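Worth saying up front: this structure is predicted, and the values here are computed from it rather than measured.
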Amino acid sequence: MDEIVKKLAGLGLPGVILVILTVMSGGSSAAVAAAITALGGPFGIVGGIAILGLITVVGDTVAGYGIEAVLKAIYTERSKTESVRFLLKEIKDLPISEELKLKLKNELSPEINIDAEEVQPPKIIEIVEE
């Protein structure tokens, strides 16, 4: 078992996904091939293997920069071509922490208080009895 674990650990995240696919498919090699083929969509098993490779690249990028920086960059780039309202709804539905959702929303539509000069301190009113 140690030998298998070392080889799968060498694969990184795609190795973990392969283990999950294997467990979900009942351990049969035909079922694993079918799962990888399904993962590849219209490109079949070759696409499934390519997706596992893409997961490695994405995983390395996220590990290098952090999930927050990567998501901010993705949504900033998407906001150039897509509706900010649509992106805000999408962020609301993401399975991430509320704190990260708030940071992403502020990245897309920061609320800037320009009217700070108009805010005046409250007036002091004295009541005098006669």
Side-chain angles (χ1 to χ4, degrees):
M1 178 160 152
D2 290 339
E3 190 70 27
I4 293 171
V5 169
K6 286 180 184 177
K7 288 182 180 181
L8 288 172
L11 291 174
L13 182 59
V16 172
I17 292 173
L18 186 60
V19 168
I20 292 170
L21 288 174
T22 304
V23 170
M24 289 176 53
S25 64
S28 144
S29 59
V32 171
I36 291 176
T37 302
L39 185 65
F43 301 106
I45 198 162
V46 174
I49 293 170
I51 292 289
L52 291 176
L54 180 63
I55 289 170
T56 301
V57 173
V58 170
D60 289 344
T61 303
V62 169
Y65 293 103
I67 186 73
E68 183 179 331
V70 172
L71 287 176
K72 279 183 178 180
I74 289 171
Y75 278 104
T76 300
E77 189 64 30
R78 285 181 64 191
S79 69
K80 294 177 183 175
T81 58
E82 297 179 44
S83 163
V84 173
R85 175 176 274 160
F86 172 76
L87 294 176
L88 290 173
K89 168 141 181 17
E90 184 177 296
I91 289 170
K92 179 183 171 195
D93 296 336
L94 287 176
I96 56 177
S97 70
E98 292 300 320
E99 180 183 351
L100 185 52
K101 286 180 186 180
L102 184 61
K103 288 179 181 179
L104 291 174
K105 288 177 183 180
N106 286 337
E107 184 74 21
L108 289 178
S109 61
E111 298 177 6
I112 303 171
N113 189 6
I114 300 174
D115 303 324
E117 297 174 3
E118 295 178 12
V119 177
Q120 298 176 0
K123 296 180 180 179
I124 299 174
I125 301 175
E126 292 184 27
I127 300 175
V128 180
E129 287 186 35
E130 292 183 25

Q: About how many Å separate CG of Leu87 and OH of Tyr75, when rounded to the nearest 0.5 Å?
A: 7.0 Å

Q: How far apart are the closest heavy atoms of Gly48 and Leu39, and which atoms are they?
A: O-CD2, 4.1 Å

Q: Rounded to the nearest 0.5 Å, what's the gap from CG on Leu102 to CD on Glu98? Could you check?
A: 8.5 Å

Q: Calculate, to the nearest 0.5 Å, the distance between atoms NZ and CD1 belonging to Lys101 and Ile91 respectively.
A: 10.0 Å

Q: Ignoring hydrogens, what is the shortest heavy-atom contact between Ser79 and Leu108? Give both atom names and the distance.
A: CB-CD2, 3.7 Å

Q: Anything under 3.5 Å between a donor and an acceptor, one on a side chain of residues 64-71, the other on a protein residue two or more places apart or in another chain? List them.
A:
unit_1	atom_1	unit_2	atom_2	d
Glu68	OE1	Lys103	NZ	3.3
Glu68	OE2	Lys72	NZ	3.2

Q: Step by step, would you call Leu104 with Ile96 a side chain to side chain contact (heavy atoms under 4.5 Å, CB included)?
A: CA-CA 11 Å; Leu104 291 174; Ile96 56 177; 3.8 Å; yes

Q: Drop me the distance from Ile49's CD1 to Leu54's CG, to the nearest 0.5 angstrom.
A: 14.0 Å

